[in-house]
Amino acid sequence: MDNKMEEVSTSKNFIEQIIDKDLEEGHYNHIQTRFPPEPNGYLHIGHAKSILLNYGLAQKYNGKFNMRFDDTNPTKEKTEFVESIKKDIEWLGADWEDRLFFASDYFTQMYEAAIKLIKKGKAYVCDLTPEQIREYRGTLTEPGKDSPYRDRTIEENLELFQNMKDGKYQDGEKVLRAKIDMASPNINMRDPILYRVAHMEHHRTGNTWCIYPMYDFAHPIEDAIEGITHSICTLEFEDHRPLYDWVVRELEYPVPPKQIEFAKLYLTNVVTGKRYIKKLVEDGIVDGWDDPRLVSLSALRRRGYTPEAIRMFIDLVGVSKGNSSVDYAMLEYCIREDLKLKKNRMMAVLDPIKLVIDNYPEDQVEYLEVANNQENSELGVRSVPFSKELYIEREDFMEEPPKKYFRLFPGNEVRLMNAYFVKCVSFEKDEAGNVKTVHCTYDPQTKSGSGFSERKVKGTIHWVSAAHAVEAEARLYENIVDEEKGKLDEEGNLNLNPNSLEIRKCYVEPDLGKARPEDSFQFVRQGYFCVDSKDTNSEKLVFNRIVSLKSSFKLNK
RNA sequence: UGGGCCAUCGCCAAAUGGUAAGGCACUGGACUCUGACUCCAGCAUUUCAAGGUUCGAAUCCUUGUAGCCCAGCCA
């Protein structure tokens with residue numbers, strides 16, 4: 001229809017351009033990608049970029065997307081992490097169908113691949129200690145020197161490697177190394193270690209193995225075995241690509257997979273470093289890996305973020321090779337955009353004062369019919385009780401209003417949303433001098449939906465009937481890292497935002513009393529909230545704020 | 001004089017030698033029974049810098065500058 005729009009949206013990122021070229025030149029006749037996490041922690045928003053990028057590419061090219069756990073180092077990995085990772089990826093909507101793999105399933109093939117290299121004279125067993133290996137490796141500016149064990153015969157290497165596998169050596173005693181070039185300017189090519197000895201129980205293979213392959217050796221093999229065409233990883237592996245290609249070439253795979261690197265996602269005012277998250281958890285600053293202030297996928301889910309919003313966000317952010325840090329506001333935009341038409345707009349008062357309608361009958365209750373979402377009639381209507389005594393927001397009344405203040409102040413008239421016009425006649429303060437109660441009169445002619453148009457009012461405020469309201473707890477979250485001070489101080493510690501969590505007692509519409517964990521709503525003028533899915537120490541309903549609404553009017557405090 | 005990568009608006013990011021897309025943010029204004037939403041308008045004479053090639057350069061060349069990554073038997 002609109003070709004111009006089409007053209008704009010079809011601009012391809014650099015990875016798609018590479019793939020197009022590969023297909024065109026006949027390097028591959030299908031596309032296969034994968035997401036290969038090590039099960040050593042929880043997934044966060046940064047991983048979502050990789051997952052969605054790989055999955056999206058497979059979809060676009062009618063290819064396949066594999067899920068693969070890169071579990072080649074038993075010292076760090078746990079089944080618990082495998083489960084949480086699977087759950088998060090399913091939640092995001094990336095479907096690996098029946099292709100769930102583990103690097104550990106290929107240990108035998110990797111072992112055989114190592115033997116093949118030894119037989120080709122491309123790998124040798126080295127007896128140097130870890131310290132010696134480091135010394136022999138040279139530095140960034142100086143070449144390394146050959147290991148004295150570099151010229152062992154093929155037969156000797158074969159036997160020694162067999163012994164490694166058979167558990168005849170202690171951890172660290174011997175390693176298998178690739179024979180490449182100790183003088184290479186690329187440190188990764190200075191006879192990198194292929195296999196190390198580790199007498200350690202693996203979460204899947206138990207004690208079957210006591211030697212484990214290193215990432216640089218294992219990864220290309222995993223990709224080749226699975227028929228991966230494009231092995232997409234982050235920028236820090238760029239220097240490893242020559243080694244990746246070396247392994248693939250020496251092992252003579254007929255359809256060599258190709259590694260492509262892209263820039264990781266960083267978000268402003270947010271902590272993604274494992275080291276920092278761990279510290280926050282240990283210091284009790286957050287209540288775990290799914291604390292709603294974090295950006296782990298489980299935290300975002302608990303906070304009320306939707307997979308749709310995250311997909312939109314990743315899509316908006318794009319893919320490139322430049323290190324960058326995306327403004328957190330973009331993530332917030334995505335969740336607002338997603339929830340806008342999907343969620344009911346409810347009235348909730350987070351900082352209550354009382355409003356009494358002096359001329360409203362004492363015992364009268366009216367049930368007002370209210371649209372759940374004025375912009376989406378499919379969400380239907382509900383009925384909201386209205387009575388003489390209401391709670392309204394403290395900020396919606398001012399004794400001495402500044403200019404352009406449209407809400408309640410003595411003598412001013414506003415609309416109670418979905419109900420009547422009320423005019424402020426007086427107010428009461430408590431001993432501390434804080435406003436406690438506002439008295440108004442209402443005009444029965446001005447009922448919502450009556451078509452009354454004799455006079456207009458500048459402000460509309462939300463309310464909740466005091467006798468019917470349900471008491472709840474609202475948790476208002478902000479970024480955990482202090483925006484003003486930046487991320488780290490001189491000593492490398494995080495500057496935390498002391499106001500990252502504010503807990504408020506609040507009153508919500510009676511309908512909200514029936515809300516279930518993970519249900520989410522827009523609270524008029526307060527933002528989007530989600531019922532907490534975790535047991536809390538509170539008996540009350542707990543609402544987590546997903547995101548606040550934008551506001552162009554700020555009260556001067 | 002180690003190697004690799006990168007540099008386009010406050011933040012992401014297109015543009016592949018033909019005269020700087022788009023989104024976020026921000027700023028005006030209109031509308032409004034949510035100061036939201038929506039709508040409309042504005043927002044890079046210039047692409048890290050300086051030279052050069054060309055009818056024409058963000059794109060090519062030269063020389064600088066800034067940033068990121070690499071010396072785990074981690075991934």
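What you are looking at is a predicted structure, and each value in this text was computed from that prediction instead of being measured. Per chain, numbering begins at 1; letters A, B, ... match sequence-line order.
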(message) Looking at every non-hydrogen atom in both residues, tell me the closest pair between Y195(A) and M214(A) and how far apart they are.
(response) N-CG, 4.3 Å

(request) Would you check if E395(A) and R525(A) make a side-chain contact, meaning some heavy-atom pair closer than 4.5 Å? (result) yes

(request) Scan every strand shown for a Watson-Crick or G-U wobble partner of rG67(B), both distances under 3.5 Å, and answer none if you come up empty. (result) rC5(B)

(request) For rC40(B) versus rU54(B), give the span between their C1' atoms, rounded off to a whole number of Å. (result) 42 Å

(message) Check E222(A) with R68(A), please: is the shortest side-chain N to carboxylate O separation under 4.0 Å?
(response) yes

(request) Using the P atoms only, state how far rU63(B) lies from rC9(B), rounded to an integer number of Å. (result) 26 Å

(message) Is R137(A) close enough to rC73(B) that one of its side-chain N or O atoms is under 4.0 Å from OP1 or OP2 there?
(response) yes

(message) Checking understanding here: a glycosidic angle within 90° of 0 is syn, the rest anti, so what is rG17(B)?
(response) anti

(message) Please report the distance separating the C1' of rU19(B) from the corresponding atom of rG23(B), rounded so that it comes out in whole Å.
(response) 24 Å

(request) Nearest-nucleotide wise, let me know which of M417(A) and K49(A) is further upstream toward the 5' end of RNA chain B. (result) K49(A)

(request) Could you check whether the rings of H47(A) and H44(A) sit parallel, tilted or perpendicular, using 30° and 60° as the cut-offs? (result) tilted

(request) With C1' as the reference atom in both, quote the distance from rC70(B) to rU8(B) in angstrom, rounded to an integer. (result) 28 Å

(request) Nearest whole angstrom, please: distance from the P of rG4(B) to the CD1 of I260(A). (result) 20 Å

(message) I need the CE-C1' distance between M189(A) and rG4(B), as an integer number of Å.
(response) 13 Å

(request) Indicate whether OP1 or OP2 belonging to rC26(B) is found under 4.0 Å from a side-chain N or O atom of K550(A). (result) yes

(message) Of the listed nucleotides (rA13(B), rG23(B), rA71(B)), which one gets closest to any side-chain atom of S324(A)?
(response) rA13(B)

(request) Going by the side chain to side chain contact (heavy atoms under 4.5 Å, CB included) test, name the single residue among V326(A), V481(A), D327(A) that passes it with T268(A). (result) D327(A)

(message) So, OP1 or OP2 of rC24(B): does either fall under 4.0 Å of a side-chain N or O from Y333(A)?
(response) yes

(message) Using atom C1' in both nucleotides, what's the gap between rA57(B) and rC61(B) to the nearest angstrom?
(response) 11 Å

(request) Whole angstrom is fine here: how far is it from CG in N323(A) over to P in rU8(B)? (result) 12 Å

(request) Quote, to the nearest angstrom, the P distance that separates rC12(B) from rA7(B). (result) 12 Å

(request) Answer yes or no: does a side-chain N or O of S320(A) lie under 4.0 Å from OP1 or OP2 of rA13(B)? (result) yes

(message) By nearest heavy atom, map A419(A) and P185(A) onto RNA chain B; which one lands nearer the 5' end?
(response) P185(A)

(message) Should the side chain of D239(A) and the base of rG3(B) be counted as holding a donor-acceptor pair, with the cut-off at 3.5 Å?
(response) yes

(request) Return the value, rounded to whole Å, for the distance between atom CD of E393(A) and atom C1' of rG35(B). (result) 14 Å

(message) Without decimals, in angstroms, what is the distance between K264(A) NZ and rC12(B) P?
(response) 17 Å

(message) Tell me which nucleotide, if any, is Watson-Crick or G-U wobble paired with rC26(B) when both distances must be under 3.5 Å.
(response) rG42(B)

(message) By nearest atom, which of the nucleotides rC5(B), rG23(B), rU34(B) is closest to the Q374(A) side chain?
(response) rU34(B)

(message) I need the OH-C1' distance between Y212(A) and rA75(B), as an integer number of Å.
(response) 16 Å

(request) Could you please name the option among rA75(B), rA14(B), rC11(B) that lies closest to any side-chain atom of F237(A)? (result) rA75(B)

(request) Using a 4.0 Å heavy-atom cut-off across all strands, classify L416(A) as base, sugar-phosphate, or nothing. (result) nothing

(message) Is there a side-chain contact between R525(A) and the phosphate of rG35(B), meaning an N or O under 4.0 Å from OP1 or OP2?
(response) yes

(request) Give a yes/no on whether any side-chain N or O of R196(A) is located under 4.0 angstrom from OP1 or OP2 of rA75(B). (result) yes

(message) Say we look at rA66(B) and rA50(B): how far apart would their P atoms be, to the nearest angstrom?
(response) 16 Å

(message) My understanding is that only one of N412(A), I461(A), T460(A) makes a side chain to side chain contact (heavy atoms under 4.5 Å, CB included) with R407(A); could you say which?
(response) I461(A)

(message) Would the distance check show the side chain of R190(A) and the main-chain N or O of R137(A) forming a donor-acceptor pair, the cut-off being under 3.5 Å?
(response) yes

(request) Please answer whether rA75(B) and Y215(A) are stacked, defined here as ring centres separated by less than 5.5 Å and planes angled under 30°. (result) no

(request) Take atom P in rU46(B) and the same atom in rG4(B), then report the distance between them in whole Å. (result) 34 Å

(message) Need the pair for rC55(B). Rule: Watson-Crick or G-U wobble, both distances under 3.5 Å, any strand; none if unpaired.
(response) rG18(B)

(message) Only pairs with both distances under 3.5 Å count, Watson-Crick or wobble alike; so what is the partner of rA50(B) in this structure?
(response) rU62(B)

(message) Can you tell me how the ring of Y212(A) sits relative to the ring of H202(A), calling it parallel under 30°, perpendicular over 60° and tilted otherwise?
(response) parallel

(request) Specify the separation, in whole Å, of atom CG of L140(A) and atom C1' of rC70(B). (result) 6 Å

(request) Determine: side-chain N/O of T72(A) to OP1/OP2 of rA75(B), distance under 4.0 Å, yes or no. (result) yes

(message) Tell me the interatomic distance from R336(A), atom CZ, to rA25(B), atom C1', rounded to whole angstroms.
(response) 11 Å

(request) Please state whether the phosphate of rU38(B), meaning OP1 or OP2, lies under 4.0 angstrom from any side-chain nitrogen or oxygen of K340(A). (result) yes

(message) When you measure only distances, ignoring hydrogens and angles, does the side chain of E375(A) come within 3.5 Å of the base of rU38(B) through a donor and an acceptor?
(response) no

(request) Using a cut-off of strictly less than 4.0 Å, decide whether R134(A) has a side-chain nitrogen or oxygen near OP1 or OP2 of rG72(B). (result) yes

